[in-house]
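These notes concern the structure reproduced below.
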Amino acid sequence: MSDTTQTYSMDELVSLCKRRGFIFPASEIYGGINGFWDYGPLGTALKNNLRDRWWQDMVKRPPIGPDGNEISIVGLDSSIIQNSKVWEASGHVGGFNDPMVDCRETKSRYRADHVCCIGLKGDATGQIYAFIEGDDDSLESAKKKLSKYIKRDISDDDLDTCALTSLSTDELAITVGPDTKSVGTLTEPRQFNLMFETSTGAVKSDDSKVYLRPETAQGIFLNFGNVVDTMRVKVPFGIAQIGKAFRNEVTPRNFIFRSREFEQMEIEWFCHADEAEHWFEFWCETRSKWWQSIGLTTDNILMRKHDSDELAHYAKEGCGTFDIEYRFPFTSPNFGELEGVAHRGNYDLTRHQEFSKKKLGYFDQAKNERYIPHVIEPSAGLSRGTLALLCEAYTPDPERASKMYMAFHPSIAPIQAAVFPLVGKDGMPEIAHKLWSELRERWDVVTDVKQSIGKRYARMDEAGCPFCFTIDGDTASDQAVTVRHRDTQQQERIALDQVSAFMAERI
RNA sequence: GCGGGCGUAGCUCAAUGGCAGAGCGUCAGCUUUCCAAGCUGAAUGUUGGGGGUUCGAGUCCCCCCGCCCGCUCCA
């Protein structure tokens, strides 16, 4: 699908996923659970293929670096649950566990219990001015704005002061935020417990509280020292990890695009600060090409630099953040994030060094220099990647029996080939079984004897199987089979002993 | 979190407050020599869940859950 206009709805894709065993709603027999999904046999195969391809291309045989030499990346699989101090150091706890108020205009976020308000005594219809508690400048600013609004000087006796959290919805609508001049820009105070909590040990208490990781990245930073000490790696190098992460999203939406449990494929690339910029460019380009190599077309992929006001807390400085975005049916004609390439500076290692009191620097023997490496982080969504592959593959075709087919790239298709006897007699099933046994040693191959050949082809169209090999009445004598191509529906005749070579050439 | 819409078999949908059905798919048998063919048969339902009104609820009312859309959110 390289058209800018989508020719199918998300409902059709969700329905196909359910009907053909790609993705099911989690806990479906109990009415489901918002934000969670189960991968069926074909979905699991597709996701695993994507995952394995990433690991193969990034870790086992990583890309060639800008200087023409192989870069160095090692793998890691860290625990989902870590010491809670990890998330204090990373900034995930603290700013996000208290009720927060956002300003829609300035995008500032305030702790709701740290914001107070002033208003004119006895005036319920005028404007209310918020300021930050204990911040004299903020209070003065609020007083000035009030004074200007009522067009006269005010004394403290004229003022009513109250906590922001005590305001009603109506009052909030006439409130001016601490850093803005417009009214009604503040959101209602909200609890941002975006990390899932659980506890360790038999007795539940505040001391036993732990969190499910909201990103896989921190596990890599925690083990930076261990990897440097044990693996004889030299900066620049990368540590890669694939695994689940959990975010208690306010609004899970758009199928598996924003779910509460999802999988990430992340690389933390450690380099010298002076080289961060050129590594950043290297990774933006490398990762963009990679997505295209697995079948996402150029038209539907977009590289987009974040505006400065949408940068994450760890990426305020440096090269910024690039999104690799995909045009999903539910975002079209706009794009949704597939992968973020972020320059995290040395924020994380510095914070962990500070909180843990353990040295997390790197000593460069050649330059005789000690420093905390900067980090370029290509962080890809495995779940979102799987969704992008599904969206990209879904191709309506009113002409054929299935009305559509899934045009997966042969290398990542959950079923890579099917072997069919044209009919279930005259020795054809036996030949089919033999060919299937041979092919399944190397590829994901199915065989099916039952029902008409057209019905079996149609099923393979829905599953996205690129090649069907059909044994007919002539095969026994001429030692040849018919190959049926999924995308074109065209057929060609090839020698039985050339089927493996045919597959090897195309996958 | 707010507002709107929706929820009946695997899918698409019927059923005036009165026996829960059809088509497709799935499975079995026969048939079938290249694109969901045909014949015969079978399985599949707590009508999303719970409560209420009623002689009687898929249908009316209430609560909850889930999905979709628009806001909000997305560090």
Side-chain angles (χ1 to χ4, degrees), chain A residues 9-12 14-21 24-37 40 87 90-97 99-102 104 107 109 169 186-195 214-215 217 245 247-255 257-260 262 310-316 321 323 329-330 336-337 340 342 381 384 397 399-405 420-426 428 449-462 468-476 481-486 488-493:
Chain A
S9 73
M10 207 53 202
D11 285 350
E12 291 173 78
V14 173
S15 171
L16 184 273
C17 285
K18 171 81 192 298
R19 188 157 39 92
R20 283 297 167 202
F24 309 124
S27 307
E28 193 184 13
I29 62 170
Y30 289 103
I33 174 167
N34 193 358
F36 298 89
W37 300 89
W87 310 111
S90 70
H92 290 88
V93 179
F96 300 98
N97 260 24
M100 304 296 284
V101 167
D102 289 326
R104 296 187 185 94
K107 308 287 181 195
R109 176 167 285 169
T169 308
L186 295 180
T187 62
E188 301 246 357
R190 282 169 297 200
Q191 194 76 31
F192 277 77
N193 51 345
L194 284 171
M195 282 194 292
E215 61 176 22
R247 295 182 193 179
N248 201 357
E249 297 285 356
V250 176
T251 313
R253 199 58 79 86
N254 291 326
F255 201 27
F257 181 76
R258 182 177 301 138
S259 50
R260 289 181 166 140
F262 56 97
E310 59 179 322
L311 289 178
H313 61 84
Y314 51 73
K316 293 289 184 198
T321 298
D323 269 358
F330 48 81
E337 186 188 4
R384 286 184 177 184
D397 180 1
E399 299 302 309
R400 64 177 78 193
S402 53
K403 307 293 183 215
M404 53 72 62
Y405 61 100
F420 297 142
L422 186 55
V423 291
K425 61 181 183 185
D426 301 339
M428 295 179 220
V449 182
K450 296 276 183 180
Q451 295 172 322
S452 76
I453 194 70
K455 190 171 281 197
R456 284 175 282 167
Y457 286 159
R459 277 198 205 107
M460 288 302 107
D461 281 349
E462 287 188 328
C468 294
F469 300 102
T470 301
I471 282 78
D472 60 25
D474 297 331
T475 301
V481 297
T482 302
V483 189
R484 185 262 190 184
H485 294 261
R486 174 195 64 202
T488 61
Q489 296 180 279
Q490 285 179 348
Q491 302 185 350
E492 61 177 311
R493 192 114 179 124

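Letters go in sequence order (proteins before strands), and every chain restarts at 1.
- Listed nucleotides: rC67(B), rC69(B), rC27(B). Nearest to the side chain of F330(A): rC69(B).
- At least one donor-acceptor pair closer than 3.5 Å links the side chain of R260(A) to the backbone N or O of N34(A).
- Between rC2(B) and rC73(B), the distance separating the two C1' atoms is 12 Å to the nearest Å.
- Where I33(A) and D472(A) each meet RNA chain B at their nearest nucleotide, the meeting point lying more 5' is that of D472(A).
- Comparing rC62(B) with rA22(B), their P atoms are spaced 33 Å from each other, to the whole Å.
- Contact annotation for P25(A): no contact, since no heavy-atom pair falls under 4.0 Å across all strands.
- If you measure from atom CZ of R258(A) to atom C1' of rA75(B), you get 12 Å, rounded to the nearest angstrom.
- One C1' atom belongs to rA15(B), the other to rU59(B), and the distance between them is 10 Å to the nearest Å.
- Residues S402(A) and D461(A) share a closest heavy-atom pair of OG-CB, 3.7 Å.
- In this structure, R247(A) contributes its side chain and P214(A) its backbone to a donor-acceptor pair below 3.5 Å.
- Distance CG (D426(A)) to C1' (rU33(B)): 9 Å, rounded to an integer number of Å.
- The CZ atom of R384(A) sits 5.5 Å away from atom CD of E337(A), with the distance rounded to the nearest 0.5 Å.
- If you measure from atom CD1 of I471(A) to atom C1' of rU33(B), you get 13 Å, rounded to the nearest angstrom.
- Using a 4.0 Å heavy-atom cutoff across all strands shown, D474(A) reaches no nucleic acid atom at all.
- For the pair K450(A) NZ and rU26(B) P, the interatomic distance rounds to 13 Å; values are reported in whole Å.
- Comparing rU33(B), rC69(B), rC74(B) against the side chain of V423(A) picks out rU33(B) as the nearest.
- Note: CG (L422(A)) to P (rU32(B)) measures 12 Å, nearest angstrom.
- Between the P atom of rA75(B) and the CD atom of E249(A) lies a distance of 8 Å, rounded to the nearest Å.
- Checking side-chain atoms of D426(A) against main-chain N and O of M428(A) turns up no donor-acceptor pair under 3.5 Å.
- Not a single donor-acceptor pair under 3.5 Å links the side chain of D11(A) to the backbone N or O of V14(A).
- In this structure, K18(A) reaches the rC11(B) phosphate: one of its side-chain N or O atoms is under 4.0 Å from OP1 or OP2.
- Residue G336(A) is classed as having no contact, given no heavy-atom separation below 4.0 Å to the nucleic acid.
- Remark: the S15(A) side chain and the rC11(B) base include no donor-acceptor N/O pair separated by less than 3.5 Å.
- Remark: the separation of the P atoms in rG29(B) and rC67(B) is 39 Å, to the nearest Å.
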With the criterion being N/O to N/O and under 3.5 Å, what pairs connect the protein with nucleotides 35-37 of chain B, and how long is each?
from, atom 1, to, atom 2, distance (Å)
rC35(B), O2, R484(A), NH2, 3.2
rC35(B), N3, R484(A), NE, 3.1
rC35(B), N3, R484(A), NH2, 3.4
rC35(B), N4, Q489(A), O, 2.5
rC35(B), N4, Q491(A), NE2, 3.1
rA36(B), N7, A401(A), O, 2.5
rA36(B), N7, S402(A), N, 3.2
rA36(B), N6, E462(A), OE2, 3.2
rA37(B), OP2, S452(A), OG, 2.9

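- The closest donor-acceptor contact from the side chain of R484(A) to the backbone of Q491(A) lies at 3.5 Å or more, if one exists at all.
- F262(A) pairs by the ring pair (Phe, Tyr, Trp, His ring centres under 6.0 Å) definition with nothing, not counting sequence neighbours.
- Scanning RNA chain B for stems, defined as runs of 3 or more consecutive Watson-Crick or G-U wobble pairs whose donor-acceptor distances all fall under 3.5 Å, gives the following ranges: B:1-7 with B:65-71, B:10-13 with B:21-24, B:26-30 with B:38-42, B:48-52 with B:60-64.
- If you measure from atom CZ of F262(A) to atom P of rA75(B), you get 10 Å, rounded to the nearest angstrom.
- Here the side chains of R459(A) and R20(A) are in contact, with some heavy-atom distance below 4.5 Å.
- Within 4.0 Å of M428(A), counting heavy atoms only, lies at least one base atom of the nucleic acid.
- Distances shorter than 4.0 Å separate none of the side-chain N or O atoms of N254(A) from OP1 or OP2 on rC74(B).
- Between N34(A) and the phosphate of rC67(B), there is a side-chain N or O to OP1/OP2 separation shorter than 4.0 Å.
- Nucleic acid contact for F255(A): sugar-phosphate only, since backbone atoms but no base atoms lie under 4.0 Å from a heavy atom of the residue.
- Position along RNA chain B of the nearest nucleotide to R384(A) versus G35(A) favours G35(A) as the more 5'-ward residue.
- For the C1' atoms, the distance from rU54(B) to rG1(B) is 37 Å, rounded to whole Å.
- For the pair M404(A) and E12(A), the minimum side-chain heavy-atom distance is 4.5 Å or more.
- Atom name P, nucleotides rU16(B) and rU26(B): the rounded distance is 31 Å, in whole Å.
- Put simply, Q451(A) has a side-chain N or O that comes within less than 4.0 Å of OP1 or OP2 on rC27(B).
- Comparing the same atom, C1', in rC63(B) and in rA20(B) gives a spacing of 26 Å after rounding to whole Å.
- Using atom C1' as the reference point in both rA9(B) and rG52(B), the two lie 28 Å apart (nearest Å).
- Among the nucleotides rU33(B), rG1(B), rA75(B), the one closest to the side chain of H92(A) is rA75(B).
- Between K18(A) and E28(A) a salt bridge is recorded (basic side-chain N to carboxylate O distance below 4.0 Å).
- The cationic group of R456(A) lies under 6.0 Å from the six-membered ring centre of F420(A) and within 45° of the ring axis, placing it in a cation-pi geometry.
- The interatomic distance linking M195(A) (CE) with rC74(B) (C1') rounds to 15 Å, in whole Å.
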